[in-house]
Student: 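Before I ask anything, here is the structure I am working with.
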Amino acid sequence: MDLLTASGMEAATPPVRRVRVLLPLPLASPYDYRVPDDMELEAGAYVEVPLGPRQVFGVVWAVGGDEAGVAVSRLKPVIRRFDLPPMPEVSRRFVDWVAAYTLSAPGSVLRMAVSVSAALEDPKQLLAYLPSGEPPPPGFKMTDARRRVLALMEEDGPPRTPADLAREAACGIGVIRGLAESGLLTPVALRAQPRPPIPDADRPGPDLSADQAAAAQALRDAVDARAYSATLVDGVTGSGKTEVYFEAIAASLRQGRQALVLLPEIALSSQWLDRFARRFGVRPVEWHSDLAGAHRRAAWRAIANGEAPVVVGARSALFLPYPDLGLIVVDEEHEAAFKQEDGVIYHARDMAVARAFLGGIPVALVSATPSLETLTNAETGRYGRIDLPARHGGASLPDVTLIDLRRPDSRPPARHWLSPILTDAMTETLAAGEQGMLFLNRRGYAPLTLCRGCGFRLQCPNCTAWLVEHRLSRRLQCHHCGYSDRLPDVCPSCEAEHSFVACGPGVERVAEEVAQLFPDARVALMTSDTLVGPHAIQTVIEEVRAHKVDLLIGTQVMAKGHHFPMLTLVGVVDGDLGLGGGDLRAAERTFQMLHQVAGRAGRESRPGRVFLQTHMPEHPVMQALAAHDRDAFLAAEAEQRRAMDLPPYGRLAALIVSGEDERQVDKAARDLARAAPQDDDVLVLGPAPAPLALLRGRHRRRLLLKTARGVAVQPLLHSWLAAVPIPPSVRVQVDVDPYSFM
Ligand code: ADP
Ligand code: ZN
């Protein structure tokens with residue numbers, strides 16, 4: 001073939017069309033692909049593309065690729081496009097924005113937006129299995145795994161996908177395939193999910209008080225403005241904040257747009273879902289990690305198709321591709337649970353504000369104890385502010401008594417943890433036919449177990465942490481990595497027999513004391529160990545509400561939003577827990593948590609009492625709780641932070657260097673320290689061993705970047721990280737605006 005004909009042929013074939021496709025992988029940028037002739041693709045289209053020997057999904061990030069990049073001959077074609085509306089432009093900008101802010105790969109953020117890739121498949125085409133009821137063919141070998149799958153399918157009926165079956169029966173996909181090939185499973189096509197029901201904005205809500213009505217009007221106005229705004233809704237627990245933001249949701253529904261409510265712990269919020277259903281007639285679409293496979297896929301598709309008018313979810317719900325989001329509510333905006341600490345490290349409250357800004361929509365930040373960050377933004381006028389000062393129906397705030405554990409007359413007897421002042425109050429409460437609650441944010445029986453003979457303590461082999469004794473499960477556990485072991489009969493150090501003693505209280509030990517003191521009281525223990533999954537929690541909540549429980553003992557799982565009309569007494573076993581450790585937000589967090597716990601008492605007509613056991617009654621946190629003077633506490637806290645240029649008055653970013661080889665980790669950390677940015681406004685601290693210097697078998701070092709508020713930390717971090725080669729065995733995590741310093 002001569003040159004002439006060759007170029008003539010080229011002119012006849014249509015030019016190669018390129019697209020840039022973002023893959024859900026930690027890659028620096030999107031990859032170029034060729035668009036097959038018979039395919040139309042626009043930005044945002046969900047596609048399947050080849051990647052080496054694999055096929056992965058991706059999203060078209062731009063039409064037209066880098067002509068100077070990969071040669072046409074080496075471009076791989078897009079395999080297919082999924083039958084879904086394209087990912088909205090604002091969602092794509094949000095992915096890029098979050099990636100840039102957190103210094104993550106855009107693909108890692110995309111993975112949060114499309115966390116169930118199976119949802120991309122049209123559900124009609126989804127393969128699922130039912131038991132066939134046929135006898136096993138000759139020569140069929142029954143294994144444990146096969147038996148588990150079959151037993152699982154006998155229990156309850158719905159067809160399940162191979163992936164769901166494998167997960168539920170804890171076996172490989174191959175086991176499912178084998179059963180299908182033996183004729184024991186029948187393939188069926190899963191039916192398309194019904195559309196989520198539409199909440200009715202016009203069902204009557206409660207008659208709002210004047211304050212509430214004004215607050216609701218302000219939020220409705222924000223929704224109707226169809227423009228970015230951020231508003232703090234600040235009001236004591238029980239002031240009706242939820243009722244008020246329901247009115248904003250109603251306004252968004254009337255516009256036909258989607259509304260998103262972020263809750264810190266969705267699994268704990270069936271009371272919230274019930275309330276929503278009472279107000280709007282149906283439940284909203286839920287999004288959280290407890291959702292099982294099929295529900296998750298259905299929810300994702302409903303959201304992406306714009307068929308979910310209201311979504312309530314945990315932090316990850318923020319990243320879903322809403323085609324027409326019109327409102328975001330972040331309830332309990334101060335909650336640390338909004339901070340994701342692994343993978344892409346982000347704070348969902350802050351990202352929600354960014355998402356609202358990018359989308360030109362309002363965001364409401366709701367709390368009884370707003371974070372200093374949000375309060376500062378409200379004070380400087382960046383955020384609007386709505387106050388709800390009074391409890392609904394005039395319920396009074398509970399009386400808070402500080403119990404000074406240093407005083408002989410209020411100190412608990414030896415090896416006991418409840419002060420006589422508190423136990424007297426419990427006696428009175430029970431005699432009055434009311435309920436009490438004891439709060440201790442410490443799982444297990446005792447925080448520390450040591451040998452009476454030699455003082456030897458049992459430590460986690462994978463972490464810098466002591467093992468915690470759990471008597472109910474008769475195990476020692478590491479609360480960081482889940483390692484567990486039985487308590488040895490013989491001390492590994494001095495070989496004394498049965499020499500281990502428990503030091504200090506955990507909730508299990510408090511429950512033991514309560515059982516001795518009040519043998520007739522009906523006691524419920526609420527911790528993440530005793531209550532596994534939302535149903536278990538729900539059951540206890542129902543029992544407490546039905547007054548089948550007299551005394552409730554628990555960790556923070558019971559501090560959240562529950563409303564128990566007969567609960568009039570709250571005892572905080574160790575108010576000082578959480579104040580140690582030197583974390584910059586320790587006081588603020590302790591205040592928020594104890595305030596929330598205290599807010600459980602006396603929610604209705606019966607007045608509540610709170611008893612707070614502490615060794616430091618003079619501490620500003622305790623004084624603020626006793627005097628109900630949040631603002632004085634926050635002012636003092638703000639003053640301290642301002643003086644030290646700490647957030648929100650300065651900026652922090654942390655680098656966490658980790659790896660299995662301690663020497664390499666140390667070297668990488670030192671190399672980073674040597675290359676640290678130098679400027680008047682910038683200070684780099686470290687490297688220092690992280691408080692959890694060993695976590696899950698990885699050694700960890702921390703560096704902390706501290707800057708003035710006006711400094712953009714991302715460019716600094718970028719050039720810093722680019723300057724230091726890091727060996728593949730060492731990982732450097734970037735935590736912009738860190739909340740955990742472990
Ligand atoms: P918050 O979210 O501020 O803690 P809630 O919205 O949960 O407050 O309200 C506390 C309790 O008071 C709830 O049981 C709620 O239904 C009730 N409540 C609040 N406002 C009203 C109102 N205007 N009319 C009737 N009940 C109300
Ligand atoms: Zn551990």
Side-chain angles (χ1 to χ4, degrees), residues 204-217 219 232-250 261 263-264 269-280 312 329-335 364-370 386-398 443-444 457-468 470 475-485 541 545 559-567 592 595-605 608 658 690-700 742:
D207 289 329
L208 299 181
S209 70
D211 280 344
Q212 291 174 338
Q217 189 57 46
L219 287 186
L232 164 63
V233 181
D234 179 2
V236 293
T237 35
S239 58
K241 298 186 294 297
T242 313
E243 299 296 345
V244 164
Y245 74 67
F246 277 178
E247 295 311 308
I249 294 175
V261 181
L263 296 178
S269 65
S270 40
Q271 284 200 27
W272 190 96
L273 294 171
D274 291 343
R275 274 182 77 178
F276 185 92
R278 276 202 296 282
R279 172 67 178 79
F280 295 105
V312 57
V329 176
V330 184
D331 201 351
E332 312 282 5
E333 69 86 27
H334 62 277
E335 270 290 334
L365 307 177
V366 182
S367 177
T369 50
I386 296 173
D387 286 303
L388 286 170
R391 275 192 153 182
H392 173 71
S396 51
L397 290 170
R443 295 160 50 202
R457 300 166 168 200
L458 292 156
Q459 190 177 353
C460 174
N462 313 316
C463 306
T464 316
W466 306 120
L467 293 175
V468 176
H470 286 243
R475 306 286 292 177
L476 292 164
Q477 274 185 31
C478 171
H479 287 176
H480 298 285
C481 72
Y483 173 87
S484 110
D485 199 355
I541 291 173
R545 284 175 74 88
K560 306 263 158 59
H562 310 306
H563 186 80
F564 302 127
M566 294 297 284
L567 187 90
Q592 288 162 344
H595 182 279
Q596 187 157 34
V597 173
R600 298 304 109 215
R603 302 262 299 180
E604 290 196 352
S605 51
S658 68
L692 274 168
L694 183 67
L695 179 64
R696 296 185 193 96
R698 296 173 71 85
H699 297 274
R700 303 164 78 242
M742 299 303 280

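Whatever order the structure lists ligands and atoms in, that order sets their numbers, starting from 1.
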Student: Could you pull out the N/O/S protein atoms under 2.8 Å of the Zn ion (ligand 2), ignoring any water?
Tutor: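 Per the 2.8 Å query on the Zn ion (ligand 2), atoms found are Cys460 SG, Cys463 SG, Cys478 SG, Cys481 SG.
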Student: For a quick test of reading the model, state the closest non-hydrogen atom pair linking Ala390 to Ser239 and the distance between them.
Tutor: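 Ala390 and Ser239 have their closest heavy atoms at O-CB, 3.1 Å.
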Student: Between the main-chain N or O of Val468 and the side-chain N or O of Arg443, is there a donor-acceptor pair closer than 3.5 Å?
Tutor: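 Checking the backbone N and O of Val468 against the side chain of Arg443, no donor-acceptor pair under 3.5 Å is found.
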Student: Mind telling me whether Trp272 and Phe276 have parallel, tilted or perpendicular rings, with 30° and 60° as the class edges?
Tutor: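 Because their plane-to-plane angle is under 30°, the rings of Phe276 and Trp272 count as parallel.
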Student: Roughly how far, to the nearest 0.5 Å, is NE2 of His480 from CE of Met742?
Tutor: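 Nearest 0.5 Å value for the CE-NE2 distance: 5.5 Å.
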Student: Non-hydrogen atoms closer than 4.0 Å to ligand 1: which protein residues do they belong to? List them by chain and number, please.
Tutor: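 Shell around ligand 1 (4.0 Å, heavy atoms): Pro206, Asp207, Leu208, Gln212, Val236, Thr237, Gly238, Ser239, Gly240, Lys241, Thr242, Glu243, Arg275, His392.
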Student: Looking at side-chain heavy atoms only, is the closest gap between Leu567 and Pro565 below 4.5 Å?
Tutor: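 Of all side-chain heavy-atom pairs linking Pro565 with Leu567, none is under 4.5 Å.
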Student: So, applying side-chain contact (heavy atoms from CB on, under 4.5 Å) with Ile386, which one of Asp234, Leu232, Val244, Leu219 is it?
Tutor: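 Of the listed residues Asp234, Leu232, Val244, Leu219, the side-chain contact (heavy atoms from CB on, under 4.5 Å) partner of Ile386 is Leu219.
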Student: Has the side chain of Arg279 got a donor or acceptor atom that lies under 3.5 Å from a matching backbone atom of Glu247?
Tutor: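 Pair absent, no side-chain N/O of Arg279 close to backbone of Glu247.
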Student: What are the two closest non-hydrogen atoms of Thr464 and Ala693, and how far apart are they?
Tutor: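 Nearest pair, atom of Thr464 first, then Ala693: OG1-N, 3.1 Å.
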Student: If only side-chain N and O atoms count, and only distance matters, is there a donor-acceptor pair under 3.5 Å linking Thr369 with His595?
Tutor: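 Result is no, nothing qualifies.
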